[in-house]
Chemist: 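Please see the structure below; I have some questions.
Residue numbers start at 1 and run along the sequence shown.
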Amino acid sequence: MKEKVALITGGASGLGETISKFLASKNINLIINYNTSSEKAVKLKEEIENNYDVKVVIIKCDISNEVEVNSMMSQITKEFDHIDYLVNNAALCIDSLYNDKTKENFMKTLEVNVVGTFLVSKLVGNLMYEQKYGSIVNLSSTNGIDKNFPMSLDYDASKAAINSLTHNLALQYAPYVRVNAVAPGWVKTENEIKDLDEEYIKSEEEKIYVGRFAECEEIAKVIYFLLSDDASYINNQVIKVDGGMY
């Protein structure tokens, strides 16, 4: 049996870092994509290789740039002859007051979150289809389903688009490749909670049935399950992981 290989976009920091570590703990070789987190990527590669018997390749790539995505795939195919799993985790969120939002920032959010996910999924999905095996998990958000924040409406719109993209990719790559999405609610990542005051956090936790924000590993576990053969009959789904919010 071939060793499993996973590509995680935005896999060097935040939730992506936890996903990378969790998949490594399951003996999965990793391709960790990053764009601006160069130092973190190098340290993460070293940490994972010191703790797990897996191969780790780190690749700098702006996933919204088609030339760079093509180059990343060329590098990957030199290192591995197959890809089993893809986690489309890389995302951009530029929160601002509604009237301060600009077309430039709106378009950049869509380019990274939606177009970037499409570009990576197209190349990896085609490879998976040819090998007649693979699983893709897209990172969506409850912001794209039933939570509304005008300060992040561009991010929210991008995540709603991810849900639609998930359904279309599942159809495109059937029956060999499963495509699902995970839609977390509040997650304890540095970027997500660094600008929130304690009073606001408490008010949001009161809306969650389990009474707290998610730990990153709780999201990573769901992603791993959807990637794995234990979820072999789960396809074309957007799974909310929000502690029962609202």
Side-chain angles (χ1 to χ4, degrees), residues 8-19 33-37 40 61-66 68-69 86-121 136-169 179-197 200-201 203-205 207-208 213-216 218-220 222-223 237-243 245-246:
I8 306 101
T9 66
S13 61
L15 178 59
E17 178 182 354
T18 302
I19 295 168
N33 155 254
Y34 69 95
N35 186 27
T36 59
S37 304
K40 288 184 177 180
C61 171
D62 174 359
I63 62 167
S64 68
N65 185 313
E66 189 168 14
E68 291 191 22
V69 173
L86 168 61
V87 181
N88 283 307
N89 169 74
L92 181 66
C93 182
I94 308 174
D95 282 346
S96 62
L97 295 175
Y98 174 79
N99 286 322
D100 291 338
K101 288 194 175 293
T102 65
K103 177 182 178 181
E104 180 183 10
N105 285 344
F106 206 115
M107 293 303 297
K108 184 60 178 176
T109 300
L110 295 180
E111 285 172 1
V112 173
N113 298 3
V114 184
V115 178
T117 296
F118 159 70
L119 292 174
V120 177
S121 296
I136 297 173
V137 173
N138 298 323
L139 262 294
S140 179
S141 170
T142 53
N143 286 43
I145 302 173
D146 57 12
K147 270 178 25 181
N148 304 299
F149 295 101
M151 289 185 64
S152 58
L153 64 83
D154 39 1
Y155 174 83
D156 297 2
S158 75
K159 292 304 182 178
I162 287 295
N163 297 339
S164 176
L165 186 61
T166 297
H167 299 317
N168 279 291
L169 290 174
V179 185
N180 295 289
V182 170
W186 286 110
V187 183
K188 286 184 184 177
T189 65
E190 182 180 351
N191 287 339
E192 188 157 341
I193 66 174
K194 65 180 180 179
D195 296 324
L196 304 180
D197 59 50
Y200 181 76
I201 291 175
S203 70
E204 288 297 293
E205 287 178 336
K207 301 173 185 176
I208 303 171
F213 288 6
E215 300 292 340
C216 288
E218 291 178 301
I219 307 302
V222 178
I223 292 168
Q237 300 301 310
V238 178
I239 309 295
K240 287 174 61 178
V241 188
D242 64 355
M245 194 167 191
Y246 298 139

Chemist: So, do Pro184 and Leu139 sit near enough that their side-chain heavy atoms are less than 4.5 Å apart?
Modeler: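 Yes, close enough: below the 4.5 Å cut-off.
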
Chemist: If every non-hydrogen atom of Ala91 is compared with every non-hydrogen atom of Lys159, which pair is closest and at what distance?
Modeler: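 The pair with the smallest heavy-atom distance is CB-NZ, 3.9 Å.
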
Chemist: Strictly distance-based, threshold 3.5 Å: is any side-chain N or O of Thr9 a donor or acceptor partner for the main-chain N or O of Ala90?
Modeler: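 Side chain of Thr9 to backbone of Ala90: a pair is present.
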
Chemist: Does the pair Lys147/Asp242 count as a salt bridge with the N-to-O cut at 4.0 Å?
Modeler: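 No salt bridge links Lys147 with Asp242.
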
Chemist: How are the rings of Phe213 and Trp186 set relative to one another: parallel (under 30°), tilted (30 to 60°) or perpendicular (over 60°)?
Modeler: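 The arrangement is parallel - the two ring planes meet at less than 30°.
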
Chemist: Quick one: CD on Glu111 to CG on Asp62, what's the gap to the nearest 0.5 Å?
Modeler: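 It is 8.5 Å, given to the nearest 0.5 Å.
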
Chemist: For Gly16 versus Ile8, what's the shortest heavy-atom pair and its separation?
Modeler: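 Closest approach of Gly16 to Ile8: O-CG2, 4.4 Å.
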
Chemist: Got a second to check how far Asn89's CG is from Ile219's CD1, nearest 0.5 Å?
Modeler: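 Atom-to-atom, Asn89:CG and Ile219:CD1 are 11.0 Å apart.
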
Chemist: Starting at CZ of Phe149, measure out to CG of Asn143 and round the result to the nearest 0.5 Å.
Modeler: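 Between atom CZ of Phe149 and atom CG of Asn143 there are 6.0 Å.
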
Chemist: When rounded to the nearest 0.5 angstrom, what is the spacing between CG in Asn138 and CD1 in Ile162?
Modeler: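 Between Asn138 CG and Ile162 CD1, I get 5.5 Å after rounding to 0.5 Å.
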
Chemist: Walk me through whether Ser121 and Asn88 qualify under side chain to side chain donor-acceptor pair (under 3.5 Å).
Modeler: CA-CA 8 Å; Ser121 296; Asn88 283 307; 2.9 Å; yes

Chemist: If you apply the rule side chain to side chain contact (heavy atoms under 4.5 Å, CB included), what do you find for Asn180 with Ile239, and how did you get there?
Modeler: CA-CA 8 Å; Asn180 295 289; Ile239 309 295; 5.5 Å; no

Chemist: Among Asn113, Val115, Val112, Thr117, whose side chain to side chain contact (heavy atoms under 4.5 Å, CB included) with Ser64 holds?
Modeler: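 Going through Asn113, Val115, Val112, Thr117 one by one, the side chain to side chain contact (heavy atoms under 4.5 Å, CB included) with Ser64 is satisfied by Val112 alone.
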
Chemist: When rounded to the nearest 0.5 angstrom, what distance separates CG in Leu153 from CZ in Phe106?
Modeler: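 Output value for this atom pair is 5.5 Å.
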
Chemist: For a side chain to side chain donor-acceptor pair (under 3.5 Å) check, start with the C-alpha distance between Asp156 and Ser152, then their side-chain angles and the critical distance, and finish with the verdict.
Modeler: CA-CA 6 Å; Asp156 297 2; Ser152 58; 3.2 Å; yes

Chemist: Looking only at non-hydrogen atoms, find the nearest pair between Ile63 and Val120 and report the distance.
Modeler: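 Residues Ile63 and Val120, closest heavy atoms: CG2-CG2, 3.9 Å.
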
Chemist: Grab the two heavy atoms, one from Asn33 and one from Cys61, that are nearest each other, plus how far apart they are.
Modeler: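 Minimum heavy-atom contact is ND2-O, 3.1 Å.
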
Chemist: Heavy atoms only: give me the nearest Val114-Ala161 pair and the separation to one decimal.
Modeler: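 Residues Val114 and Ala161, closest heavy atoms: CG2-CB, 3.8 Å.
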
Chemist: Look at atom CD of Glu66 and say whether more than 12 heavy atoms of other residues, nucleotides or ligands are closer to it than 6.0 Å.
Modeler: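 Count not over threshold, so no.
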
Chemist: Do Met245 and Thr142 have side chains that approach each other closer than 4.5 Å (heavy atoms only, starting at C-beta)?
Modeler: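 Contact flag for Met245/Thr142 side chains = no.
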
Chemist: Between Lys40 and Ala12, which heavy-atom pair has the shortest distance, and what is it?
Modeler: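 That would be CB-O, 3.7 Å.
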
Chemist: As an exercise, state the distance from OG of Ser96 to NZ of Lys101, rounded to the nearest 0.5 Å.
Modeler: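 The OG atom of Ser96 sits 3.5 Å away from the NZ atom of Lys101.
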
Chemist: Indicate yes or no: at least one non-hydrogen side-chain atom of Glu204 is less than 4.5 angstrom from one of Leu196.
Modeler: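 No, too far: nothing below the 4.5 Å cut-off.
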
Chemist: By side chain to side chain donor-acceptor pair (under 3.5 Å), which residues pair with Glu218, not counting sequence neighbours?
Modeler: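 For Glu218, the residues satisfying side chain to side chain donor-acceptor pair (under 3.5 Å) (neighbours in sequence not counted) are Arg212.
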
